[in-house]
Amino acid sequence: RFGHPFDVHAYPFDEQDIVIEIEDGEYLTDELVYEVDPGSSLLHPTLELPGWELGTPSPVVVESVYPTNFGDIRHPEGNDHYSQFRYQLRVRRPVLGAFVKTIVPIGVVMLITLVMFFIDPKYFEGRLGLGITSLISAVALQLTAAADLPATGYLVLLDHVYNASYVVIFVALLESVISVGLADRGDVVRARRLDLATLVVLTLLFFGTVAALIATR
């Protein structure tokens, strides 16, 4: 088990460092220094981490300095240097697999949401049902994806994608109310133009936002 925190801001396209640190707690660097054996710093050929791609290990020896004298007032603070061996392995989630499992489902839900603009404004119940169903589906997908994450106090990339989807669903429902109102007053042409304009704007907004988030992760 690894106790250090993992940065998942870019989830589901994040990369993580699995680190093993060995440090001498008794001898200082003037008495003991670790050295890397380059011929043995390898991975077992059968090692696999399901859901991750393994990078190349990078062993290194560094000096560890603590800003304290550990309660011994005879020594100045920060004067004790210890040798530390650090074995680091970079792992990353397969981009294609992560995309298909997390982005594609919410993308399909958004496409289904946009179908409401092809429904005649007089069928408001159908539009409303489609929007609510899409909202419930998006929430369920987000909760399912969040189950794979550790507890975090910040938003990850996938959260921003879902936030964009909620905005699209809300705007689509709001526009439907306006469009139905126009149709009820006999201004059907204007209602259809509003539907078409909103369809184009929301499509560009959602998929453009997703593309920008992935490109700048």
Side-chain angles (χ1 to χ4, degrees), residues 1-21 41-45 47-60 62 84 86-117 130-131 133-175 197-217:
R1 297 187 179 184
F2 294 88
H4 66 278
F6 291 96
D7 185 358
V8 292
H9 275 94
Y11 177 83
F13 305 107
D14 53 318
E15 298 182 0
Q16 304 294 341
D17 291 323
I18 298 178
V19 181
I20 299 174
E21 294 177 344
S41 302
L42 304 173
L43 293 177
H44 195 282
L47 176 63
E48 292 184 2
L49 291 179
W52 297 89
E53 295 176 348
L54 305 183
T56 303
S58 55
V60 65
V62 298
Q84 182 186 96
R86 181 183 177 92
Y87 187 90
Q88 179 174 304
L89 175 65
R90 174 61 62 94
V91 297
R92 63 184 62 86
R93 302 180 198 270
V95 175
L96 180 60
F99 182 83
V100 171
K101 290 182 179 180
T102 57
I103 303 299
V104 170
I106 187 61
V108 172
V109 171
M110 288 300 97
L111 290 175
I112 294 174
T113 302
L114 298 173
V115 169
M116 72 169 60
F117 296 112
L130 194 60
T133 301
S134 298
L135 178 60
I136 295 174
S137 300
V139 172
L141 287 173
Q142 185 176 20
L143 293 176
T144 302
D148 294 333
L149 287 173
T152 60
Y154 51 82
L155 297 178
V156 303
L157 184 150
L158 192 60
D159 290 330
H160 294 298
V161 172
Y162 280 102
N163 289 339
S165 72
Y166 298 143
V167 171
V168 169
I169 294 172
F170 172 75
V171 173
L173 289 173
L174 181 62
E175 188 277 342
T198 308
L199 170 64
V200 174
V201 170
L202 292 184
T203 300
L204 294 176
L205 173 65
F206 178 76
F207 291 100
T209 299
V210 171
L213 288 171
I214 295 176
T216 58
R217 69 183 188 276

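Side chains included, hydrogens not; waters and symmetry mates left out as well; all remaining heavy atoms used.
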Inset, instruction - For His160, enumerate each residue passing the ring-ring contact (aromatic ring centres under 6.0 Å, His included) test, keeping only those at least two apart in sequence or located in another chain. - result: none

Inset, instruction - Please check if atom CZ in Phe170 has more than 12 non-hydrogen atoms from other residues, nucleotides or ligands closer than 6.0 Å. - result: no

Legend entry - Separation between CG of Leu157 and CD1 of Ile103, rounded to the nearest 0.5 Å: 6.5 Å

Side-chain donor-acceptor distances from residues 50-57 under 3.5 Å, at least two apart:
none

Legend entry - Contacts of Asn163 that satisfy side-chain hydrogen bond (donor to acceptor under 3.5 Å, both in side chains) - sequence neighbours left out: none

Inset, instruction - Using a 4.5 Å cut-off on heavy atoms from C-beta on, say whether the side chain of Tyr154 contacts that of Asp7. - result: yes

Legend entry - Nearest non-hydrogen partners of Leu158 and Ala145, listed with the distance: CD2-CB, 3.4 Å

Inset, instruction - Kindly indicate whether the side chain of Thr102, heavy atoms from C-beta on, has any atom under 4.5 Å from the side chain of Val161. - result: no

Only distances under 3.5 Å count here; give the side-chain donor-acceptor pairs of residues 206-217 to other protein atoms, sequence neighbours excluded, each with its distance to 0.1 Å.
{"from": "Thr209", "atom 1": "OG1", "to": "Leu205", "atom 2": "O", "distance (Å)": "2.5"}
{"from": "Thr216", "atom 1": "OG1", "to": "Ala212", "atom 2": "O", "distance (Å)": "2.7"}
{"from": "Arg217", "atom 1": "NH1", "to": "Ile214", "atom 2": "O", "distance (Å)": "3.0"}

Contacts table for residues 92-100: side-chain donor-acceptor under 3.5 angstrom, sequence neighbours left out:
{"from": "Arg92", "atom 1": "NE", "to": "Glu15", "atom 2": "OE2", "distance (Å)": "3.4"}
{"from": "Arg93", "atom 1": "NE", "to": "Asp14", "atom 2": "OD1", "distance (Å)": "2.5"}
{"from": "Arg93", "atom 1": "NH2", "to": "Asp14", "atom 2": "OD2", "distance (Å)": "3.4"}

Inset, instruction - Only counting residues at least two apart or in another chain, list the ones meeting side-chain hydrogen bond (donor to acceptor under 3.5 Å, both in side chains) with Arg86. - result: Glu21, Gln88

Inset, instruction - Could you list the residues that satisfy side chain to side chain contact (heavy atoms under 4.5 Å, CB included) with Asp148, not counting sequence neighbours? - result: Tyr11

Legend entry - Interatomic spacing from OH in Tyr162 to CD1 in Ile169 - rounded to 0.5 Å: 10.5 Å

Inset, instruction - Would you mind listing every salt bridge (charged side-chain N to carboxylate O under 4.0 Å, His left out) that reaches into residues 154-175, with sequence neighbours excluded? - result: Arg127-Glu175

List, one per line, each side-chain donor-acceptor pair under 3.5 Å for residues 109-117, sequence neighbours excluded.
{"from": "Thr113", "atom 1": "OG1", "to": "Val109", "atom 2": "O", "distance (Å)": "2.9"}
{"from": "Thr113", "atom 1": "OG1", "to": "Ser134", "atom 2": "OG", "distance (Å)": "2.9"}

Legend entry - Sequence-distant partners of Asp17, salt bridge (charged side-chain N to carboxylate O under 4.0 Å, His left out), two or more places apart: Arg90

Legend entry - pair Gln16-Val8: side-chain heavy atoms closer than 4.5 Å: yes

